[in-house]
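The structure displayed is predicted, hence computed values, not measured ones. First the proteins, then the strands, lettered A, B, ... as listed; each starts at 1.
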2 protein chains.
Amino acid sequence: MNKEEELLKSHISRHNLKVTKERSAVLRAFLASARHITAEELYRKMKDENSSVGLATIYRTLNLFCESGLAEQRQFGDGQARYELVYNVSHHDHLICQECKRIIEFQNEEIEVLQEKVAKKNHFKIFSHKLELYGLCSDCSKVQAETK
Amino acid sequence: MNKEEELLKSHISRHNLKVTKERSAVLRAFLASARHITAEELYRKMKDENSSVGLATIYRTLNLFCESGLAEQRQFGDGQARYELVYNVSHHDHLICQECKRIIEFQNEEIEVLQEKVAKKNHFKIFSHKLELYGLCSDCSKVQAETK
DNA sequence: ATGATTATGATAATGAATTGCATTTAGTCT
DNA sequence: AGACTAAATGCAATTCATTATCATAATCAT
């Protein structure tokens with residue numbers, strides 16, 4: 001049993017929930033999928049792999065993952081929630097290419113420190129934050145420069 | 001005619017659109033309203049003030065404001081888009097209290113510089129960014145400490 | 001003023017996400 | 001192992017914010 005499965009099962013037993021084959025299947029598929037997947041994408045992926053589960057269950061299970069601290073939900077402005085594994089993954093923020101939709105992750109401790117400074121100045125206690133940089137990745141800027 | 005009206009009219013004429021009493025009314029109400037207003041809130045406010053305009057037109061007009069560079073749309077995670085005046089307003093980011101929903105604006109040039117540095121390192125060209133700090137404002141942290 | 005074009009309002013439609021409910025399943029207690 | 005209780009599932013129906021449709025009205029260049 002891997003770490004992620006353990007975490008989920010611990011959350012499940014602490015809340016008197018149940019381990020089901022659907023939940024296990026969704027977890028397996030989620031861990032094996034690309035980061036920042038949408039519920040719909042995961043649903044399709046599982047259907048293709050013949051480990052089909054209802055879409056409502058996908059949503060319910062992804063929310064369960066978030067409650068258990070395994071995943072986090074993100075909104076990148078395209079109207080669909082995306083889910084990413086955060087357990088045993090160090091914190092990071094995102095660069096989002098508006099052209100090819102590529103998502104690049106980055107870490108920057110200096111920025112985090114400055115955020116805390118801003119919070120302190122405003123007598124604010126930070127629980128979470130969201131930093132997203134939108135623009136063009138290197139590939140897409142090249143293309144734009146060429147087609148000018 | 002104020003600066004905001006001028007900007008909007010310039011956008012309108014450049015795109016062969018039309019100045020209507022509805023658009024003027026929405027602009028007036030928008031400028032007079034609290035920052036970070038939702039379409040629904042603006043709709044209610046105008047109804048209360050007997051300068052009623054259809055909800056669809058509110059949406060259309062707020063989008064027009066965004067296209068003209070007058071306003072920007074923001075998502076603070078509550079499922080409703082919020083609009084804020086950005087014309088002639090210096091750039092800032094947001095602290096969002098998860099308890100009382102208060103939104104505090106702040107500016108931090110150092111963070112902006114670091115963001116550019118991150119972008120450069122990733123050969124990424126930033127067009128816009130979003131930095132939101134979620135947590136508790138000073139009032140709400142006090143209440144939480146007391147009720148413990 | 002005319003006419004072409006754009007805007008509006010009311011309502012229907014959309015799409016992501018959630019919910020209700022009948023049925024199935026998991027896990028516990030004997 | 002069997003029975004019981006609470007939770008989970010699938011499907012369809014529902015919700016909610018936002019957008020599209022379309023007939024009618026308003027704007028503005030000529």
Side-chain angles (χ1 to χ4, degrees), chain A residues 1 5 8-30 36-47 50-68 71-83 101, chain B residues 1 5 8-30 36-47 50-68 71-83 101:
Chain A
M1 192 158 71
E5 216 177 320
L8 181 62
K9 290 200 174 161
S10 124
H11 176 87
I12 283 180
S13 67
R14 260 183 291 116
H15 292 81
N16 299 316
L17 307 179
K18 290 169 180 175
V19 175
T20 65
K21 51 183 177 311
E22 287 85 358
R23 283 176 177 168
S24 303
V26 174
L27 178 60
R28 234 177 300 119
F30 179 64
H36 313 111
I37 198 167
T38 66
E40 192 75 36
E41 283 165 0
L42 191 55
Y43 174 68
R44 293 256 170 76
K45 180 172 140 76
M46 292 183 71
K47 217 164 199 179
N50 294 312
S51 56
S52 179
V53 160
L55 182 56
T57 298
I58 299 268
Y59 274 106
R60 283 187 281 232
T61 308
L62 287 171
N63 285 338
L64 182 68
F65 291 175
C66 292
E67 283 154 24
S68 70
E72 270 178 24
Q73 195 195 64
R74 311 224 176 266
Q75 294 286 351
F76 291 139
D78 61 348
Q80 277 173 85
R82 293 176 179 277
Y83 297 83
K101 314 295 173 195
Chain B
M1 192 157 74
E5 215 178 320
L8 182 61
K9 290 200 174 162
S10 124
H11 176 85
I12 284 180
S13 68
R14 258 183 293 115
H15 292 80
N16 298 317
L17 306 179
K18 287 168 183 178
V19 175
T20 66
K21 51 184 176 315
E22 287 86 358
R23 283 176 177 168
S24 302
V26 174
L27 179 60
R28 235 178 298 119
F30 179 64
H36 313 111
I37 199 168
T38 66
E40 192 74 36
E41 283 165 359
L42 191 54
Y43 174 67
R44 293 255 170 76
K45 180 172 139 75
M46 291 184 71
K47 218 164 197 178
N50 294 311
S51 57
S52 179
V53 160
L55 183 56
T57 297
I58 299 269
Y59 275 105
R60 284 187 284 231
T61 309
L62 285 171
N63 286 338
L64 182 68
F65 291 173
C66 292
E67 284 155 23
S68 70
E72 270 178 24
Q73 196 193 62
R74 311 226 176 265
Q75 293 286 351
F76 290 140
D78 62 347
Q80 278 173 78
R82 292 176 180 277
Y83 297 84
K101 313 295 172 196

Whole angstrom value for the distance that separates [atom2] of [N] from [atom1] of [X]:
X: A/Ile12; N: C/dG27; atom1: CD1; atom2: C1'; value: 12 Å
X: A/Glu67; N: C/dT18; atom1: CD; atom2: C1'; value: 13 Å
X: B/Glu41; N: D/dT18; atom1: CD; atom2: P; value: 11 Å
X: B/Leu55; N: D/dT18; atom1: CG; atom2: P; value: 9 Å
X: A/Leu62; N: C/dA16; atom1: CG; atom2: C1'; value: 13 Å
X: B/Arg74; N: D/dA17; atom1: CZ; atom2: P; value: 21 Å
X: A/Arg23; N: D/dA7; atom1: CZ; atom2: C1'; value: 8 Å
X: B/Gln80; N: C/dA16; atom1: CD; atom2: C1'; value: 15 Å

5'-most by nearest nucleotide on DNA chain D - B/Tyr83 or A/Ser52: A/Ser52

Residue met sooner reading DNA chain D from 5', once B/Ala39 and B/Leu17 are mapped to nucleotides: B/Ala39

4.5 Å side-chain heavy-atom contact, A/Ser52 and A/Met46: no

Measure from the side-chain heavy atoms of [X] and tell me the nearest of [options].
X: B/Ala56; options: C/dT18, C/dT11, D/dT18; value: C/dT11
X: B/Thr20; options: D/dA17, C/dA7, C/dG20; value: C/dA7
X: A/Val19; options: C/dG27, D/dA8, D/dT18; value: C/dG27
X: A/Val53; options: D/dG10, D/dA8, D/dT27; value: D/dG10
X: A/Arg60; options: C/dT8, D/dT19, D/dC11; value: D/dC11

With a 4.0 Å limit, can you tell me whether [X] has a side-chain N or O closer than that to the phosphate oxygens OP1/OP2 of [N]?
X: A/Asn63; N: C/dA17; value: no
X: B/Asn16; N: D/dT27; value: no
X: A/Tyr59; N: C/dT18; value: no

Sole residue of B/Lys47, B/Glu40, B/Lys45 in side chain to side chain donor-acceptor pair (under 3.5 Å) with B/Tyr43: B/Lys47

Check: B/Lys18 side chain, C/dT5 base, donor-acceptor under 3.5 Å: yes

Side chains of B/Ser24 and B/Arg28, donor plus acceptor under 3.5 Å: no

Non-hydrogen atoms of B/Leu8 and B/Ser68 that approach each other most closely: CD1-OG, 4.0 Å

B/His15 vs B/Gly54, nearer the 5' end of DNA chain C by closest nucleotide: B/His15

Trace of the ring pair (Phe, Tyr, Trp, His ring centres under 6.0 Å) decision for B/Phe30 with B/Tyr83: CA-CA 9 Å; B/Phe30 179 64; B/Tyr83 297 84; 7.4 Å; no

